[in-house]
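Order of the sequence lines sets the chain letters (A, B, ...), proteins ahead of strands, with each chain counted from 1.
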Amino acid sequence: MRIIFLGTPEFALPSLQKLLSSHHKILAVVTQKDKETNRKGEIVFPPVKSLALKHGLKVLQYDNISNEGVCALKQLDADIMITVAYGQILSQELLNLTKYGTINVHSSLLPKYRGASPMQAALLNGDDETGVSIMQTVLEMDAGDILNVEKMSISNKTTLKDVHDILSDLGATALLKTLDEIEDGTVKRLAQDETKATHTKKINKQDGIINWARPAKEILRQINAMNPWPGAFTFLNGKIIKILNADVIDPRNFKSALDLHLYNDGTCFVFPHNICIKTGDGILGVSCVQLEGKKPLTALEIFNGGLIKSETTLG
RNA sequence: CGCGGGGUAGAGCAAUGGUAGCUUGUCGGGCUCAUAACCCGAAGGUUGUAGGUUCGAGUCCUACCCCCGCAA
């Protein structure tokens, strides 16, 4: 098949990579505009652009693809367009451009979690599984027919990065399978059950702030869902502390004569292998944190350096 | 030149310009039914790099390298 590939971040790389080593032909790669700064003020290419250039592919970048891209893309005479986390909404005109329309790789089990943060939503809600759906793109966000699905399981140790890495890989596999099925006409189209549709909003920095009055289990979900970005974080002396790794601790196993009710939510007790923090309903044992300006440190390293003292309150 | 924190023993941190220490880890020894326990001892450093100021620099000045948080 003659393909136009639209994608931007790392999540799209496995898909592009697999397409490159398949029999399909990539006519062009469309990606978001370059970002202007890293810490040194250098220009940074979207990951997809870097990979595309490395393989000598034609790269197109638009502020608004629906306004600017139609003409150029039409001339490529592609069979299908593929979007993997591209980052822009496609107009109906674009969707009609190719014989097989556009298919999209979406990282949830549709119709659950349409929208911008499907992987985070699955983690925040404590689901025990999530997955990736290959779907026909229609004008309404993530509402088209489902063509293929791959699932993965979630544990209380699974982070956003884990889900991201696994689903980007599963997505690539499912994408190739779907392309083959479209090509030989065996693809099955399953309409979404609109009554079960849920939507997710884009995650921003604020979503990382920890409210210690909430139950330990929910804070743990937040920690995993925000790792690595934006990171679940709290404050100590006005400085940000990211919580990278934690576990719920049964208060009955909390070996301390302290009466927890005497302390505020967010009060921490530093032990060599755990920083125990009081939450709304118990104890969260934190094993890895990152202080502002520091590398990630284990609880033992925090303890050795005396960086956080017992009975101080975070938040 | 976007803002800011940092680089000291394997690791994490201290040290008004005046003998580079602490916790932990490692190695050796001791105690214990036992240990994330305790006691004794040892090794481990050109303080990121290059200059400068000074009787004397981890500390002050200049340039550079590297790591990280924010912002994007």
Subject >> Spacing of the P atoms in B/A63 and B/A42 (rounded, Å) >> reply: 45 Å

Please tabulate, for side-chain N and O atoms in residues 194-201 of chain A, each donor-acceptor pair with protein atoms closer than 3.5 Å (sequence neighbours left out).
| residue | atom | partner | partner atom | Å |
| --- | --- | --- | --- | --- |
| A/Glu194 | OE1 | A/Arg114 | NH1 | 3.3 |
| A/Glu194 | OE2 | A/Arg114 | NH2 | 2.9 |
| A/Thr195 | OG1 | A/Asp193 | OD1 | 2.6 |
| A/Thr195 | OG1 | A/Asp193 | OD2 | 3.4 |
| A/Thr198 | OG1 | A/Tyr113 | N | 2.7 |
| A/Thr200 | OG1 | A/Arg114 | O | 2.9 |
| A/Thr200 | OG1 | A/Ala116 | N | 3.3 |
| A/Thr200 | OG1 | A/Ser117 | N | 3.0 |

Which pairs, protein N/O on one side and nucleotides 1-6 of chain B N/O on the other, fall under 3.5 Å?
| residue | atom | partner | partner atom | Å |
| --- | --- | --- | --- | --- |
| B/G5 | N2 | A/Gly293 | O | 3.0 |

Original post:
So what does A/Leu307 hit on the nucleic acid, given a heavy-atom distance under 4.0 Å: a base, only sugar-phosphate, or nothing?
Top reply: sugar-phosphate

Subject >> Candidates B/U24, B/C68, B/C70 - which lies nearest the side chain of A/Asn304 >> reply: B/U24

**OP:** Apply side chain to side chain donor-acceptor pair (under 3.5 Å) to A/Glu292 and list each qualifying residue two or more places apart in sequence or on a separate chain.
**Re:** none

Original post:
Who are the side chain to side chain donor-acceptor pair (under 3.5 Å) partners of A/Asp128, not counting sequence neighbours?
Top reply: none

Original post:
Roughly how far apart, to the nearest Å, are B/U46 and B/A20 at atom P?
Top reply: 14 Å

Subject >> Whole-Å distance separating the NZ atom of A/Lys202 from the C1' atom of B/A72 >> reply: 12 Å

Original post:
Taking the P atom of each, how far is B/G12 from B/G4, in whole Å?
Top reply: 25 Å

**OP:** Between B/G6 and B/C1, how far apart are the P atoms? Round to whole Å, please.
**Re:** 24 Å

Original post:
Can you list every side chain to side chain donor-acceptor pair (under 3.5 Å) pair that touches residues 223-242 of chain A, not counting sequence neighbours?
Top reply: A/Trp212-A/Thr234

**OP:** Using atom CG of A/Leu236 as one end and atom C1' of B/G69 as the other, report the distance to the nearest whole Å.
**Re:** 15 Å

Original post:
Rounded to whole angstroms, how far apart are CZ on A/Phe303 and P on B/C13?
Top reply: 15 Å

Subject >> Listed partners of A/Lys161 passing side chain to side chain donor-acceptor pair (under 3.5 Å), at least two apart >> reply: A/Asp165

Original post:
With both distances under 3.5 Å as the test, what is the Watson-Crick or G-U wobble partner of B/U23?
Top reply: B/A11

**OP:** Considering only NZ, NE, NH1 and NH2 on the basic side and carboxylate oxygens on the acidic side, decide whether A/Arg214 and A/Asp265 come within less than 4.0 Å.
**Re:** no

Original post:
What's the NZ-C1' distance between A/Lys295 and B/C13, to the nearest Å?
Top reply: 14 Å

**OP:** Take atom P in B/U47 and the same atom in B/A57, then report the distance between them in whole Å.
**Re:** 12 Å

**OP:** Can you tell me, in whole Å, how much space there is between the C1' of B/C40 and that of B/U53?
**Re:** 46 Å

Original post:
Paired with B/C3 by Watson-Crick or G-U wobble geometry, both distances under 3.5 Å: which nucleotide is it?
Top reply: B/G69

**OP:** Kindly compute the distance separating CG (A/Leu284) from CD1 (A/Ile243), expressed to the nearest 0.5 Å.
**Re:** 7.5 Å

Original post:
Whole-Å distance between B/C70 C1' and A/Ile209 CD1?
Top reply: 14 Å

**OP:** Let me know the distance between NE2 of A/His273 and C1' of B/U23, rounded to the nearest Å.
**Re:** 13 Å

Subject >> First encountered from the 5' end of RNA chain B, between A/Leu297 and A/Leu300 >> reply: A/Leu297

Subject >> Integer angstrom distance from the C1' of B/G29 to that of B/G69 >> reply: 46 Å

**OP:** Would you kindly compare A/Pro272 and A/Trp229 by the position of their nearest RNA chain B nucleotide and give the one closer to the 5′ end?
**Re:** A/Pro272

Subject >> Length of the CD1-P vector between A/Ile241 and B/G69, whole Å >> reply: 14 Å

Subject >> SB check A/Asp127 A/Lys112 (cutoff 4.0 Å) >> reply: yes

**OP:** Sticking with atom C1', work out how far B/U59 lies from B/G44, rounded to a whole angstrom.
**Re:** 24 Å

Original post:
Starting at CD1 of A/Ile302 and ending at C1' of B/A14, how long is that distance when rounded to a whole Å?
Top reply: 16 Å

**OP:** Just name whichever nucleotide pairs with B/G28, Watson-Crick or G-U, keeping both distances under 3.5 Å, else none.
**Re:** B/C40

